[in-house]
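Written below as structure tokens is the structure these notes are about.
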Amino acid sequence: MSAGSGSTPLVESVTSAVIGVTGFDAHLDLFCGELGFEVSGEGVVAAADAARLWGDGPGDVETRLLTAAGADTGRIHLLKVAEPVAAAAHPHTLDVGLAGIDLYTRDIQASHDRLRARGHPWGSRPSTYEVPLGEGSISVTEGFCFGPDGLDIVFVQPGEARGTVAWDTDPARHYTELTSVVCHVPDIEAELRFWGPDGLGLSVWYDVTFSSPGLEAMAGLPAGTAVRLAFLAGAEGGTTRIEMVHIPGDVRGVDRRASQRPGRGLGHTGWSVRTRDADAAVTRAVRAGGRVLCPPFEATTPLHGTARLAVADTPNGISVELWQPL
């Protein structure tokens, strides 16, 4: 089977979550001061490159690259937004578009207590619930914190942790790099095709529909809400999975996708994904139902080094930056 038929994965995971900020200090206090991330790069994306990546108008864009224990996935791109298209707002699980960013914690109750005491409120206390998986189930304990600029951060205390670079590198760390990025999409089948084996090459880890009082308590869902939850990950390498949420039926919140644009919106606005071949990734993204906003071009930025960069929207309008290191 040829690479063109989708046999060869073009990406391994989501490399970074793209976060729009009004200023860096509050985010650095949280991610570096509390969660153990480090600033691994900083500088300006020049106006001409910013316009190609994010559309005309933002000018020079100040950036920070945050990593955890040197992990090359599960990173954070902070973009300073001079004139946001909308005020900061925390997405609800029922809202359509990008939702939280997830990471593991050794002790979620300790995380809850410390972060609240440091001025970072939580939407609810940590909750445990069961997710069906095959003939059994897995236990999940999680809760979400309201970060700066409308950013939702989901903390997960895993029953059985997948390997992460941060914990492999430093087993004493309390937190990992990002383990998931979350979106709520109306057309989950189209999104699965885009990212799956015939698209960019990720694999479905599990895809289940269930309801749970624990999930409802944690996420603020109406009683009895059925949730379809699908996780996609690379077969090898890359910590950060894509977590797709779909609420069957007509239960919907606010559609936030128009304001979740990198370089223009605040909070969780997009994903940056490293690829081994930017041109092939763009071709396959279009074939899988995506829309190219910026064809591949070469640039040097504080976030990517020297790379070929491109931007596409997924079938559900999630902004994805594809980049190939040079």
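Position 1 is the first residue of the sequence, and the numbers go up from there.
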Report yes if some heavy atom in the side chain of [X] is under 4.5 Å from a heavy atom in the side chain of [Y]; otherwise report no.
{"X": "R276", "Y": "T8", "result": "yes"}
{"X": "V96", "Y": "R257", "result": "yes"}
{"X": "L115", "Y": "L30", "result": "yes"}
{"X": "S272", "Y": "W323", "result": "yes"}
{"X": "C32", "Y": "L66", "result": "yes"}
{"X": "F210", "Y": "L215", "result": "yes"}
{"X": "H77", "Y": "E321", "result": "yes"}

Run the side chain to side chain contact (heavy atoms under 4.5 Å, CB included) test on R75 and L303 for me, step by step, so that the C-alpha distance in whole Å, both residues' side-chain angles and the decisive distance to 0.1 Å come before the verdict.
CA-CA 10 Å; R75 310 190 302 184; L303 302 173; over 6 Å; no

Joint cluster assignment, [X] & [Y], ILVMFWY side-chain distance < 4.5 Å:
{"X": "I153", "Y": "V156", "result": "no"}
{"X": "Y175", "Y": "V140", "result": "no"}
{"X": "V311", "Y": "F194", "result": "no"}

State whether a side-chain donor-acceptor pair under 3.5 Å links [X] with [Y].
{"X": "T300", "Y": "T306", "answer": "yes"}
{"X": "T67", "Y": "S40", "answer": "yes"}
{"X": "D152", "Y": "H268", "answer": "no"}
{"X": "H246", "Y": "E191", "answer": "no"}

Do any N or O atoms from the side chain of [X] and from the backbone of [Y] form a donor-acceptor pair under 3.5 angstrom?
{"X": "R274", "Y": "D72", "answer": "yes"}
{"X": "N316", "Y": "D187", "answer": "yes"}
{"X": "S211", "Y": "G224", "answer": "no"}
{"X": "T176", "Y": "L103", "answer": "no"}
{"X": "S319", "Y": "G270", "answer": "no"}
{"X": "S259", "Y": "G265", "answer": "no"}
{"X": "T73", "Y": "T239", "answer": "yes"}
{"X": "S16", "Y": "V18", "answer": "no"}
{"X": "S127", "Y": "G214", "answer": "yes"}
{"X": "R264", "Y": "W54", "answer": "yes"}

d(D198 CG, L192 CG) to nearest 0.5 Å is 12.0 Å

Pair E243, L229 - check side chain to side chain contact (heavy atoms under 4.5 Å, CB included), show working.
CA-CA 7 Å; E243 181 177 342; L229 188 62; 3.5 Å; yes

Are [X] and [Y] close enough for a salt bridge, meaning some N to O gap below 4.0 Å?
{"X": "D102", "Y": "R241", "result": "no"}
{"X": "K80", "Y": "D149", "result": "no"}
{"X": "E38", "Y": "R173", "result": "yes"}

Could you walk me through whether T240 and W271 pass side chain to side chain contact (heavy atoms under 4.5 Å, CB included), step by step?
CA-CA 11 Å; T240 312; W271 301 336; over 6 Å; no

Compute the ring centroids of H184 and H92, then answer whether they are less than 6.0 Å apart.
no

Candidate pair F231 and V204, rule side chain to side chain contact (heavy atoms under 4.5 Å, CB included), full reasoning:
CA-CA 6 Å; F231 279 81; V204 178; over 6 Å; no

Could you check H174, Q157, H112 and say which one makes a side chain to side chain donor-acceptor pair (under 3.5 Å) with T105?
H174

Whether H90 and F146 hold their rings parallel, tilted or perpendicular, with breakpoints at 30° and 60°:
tilted

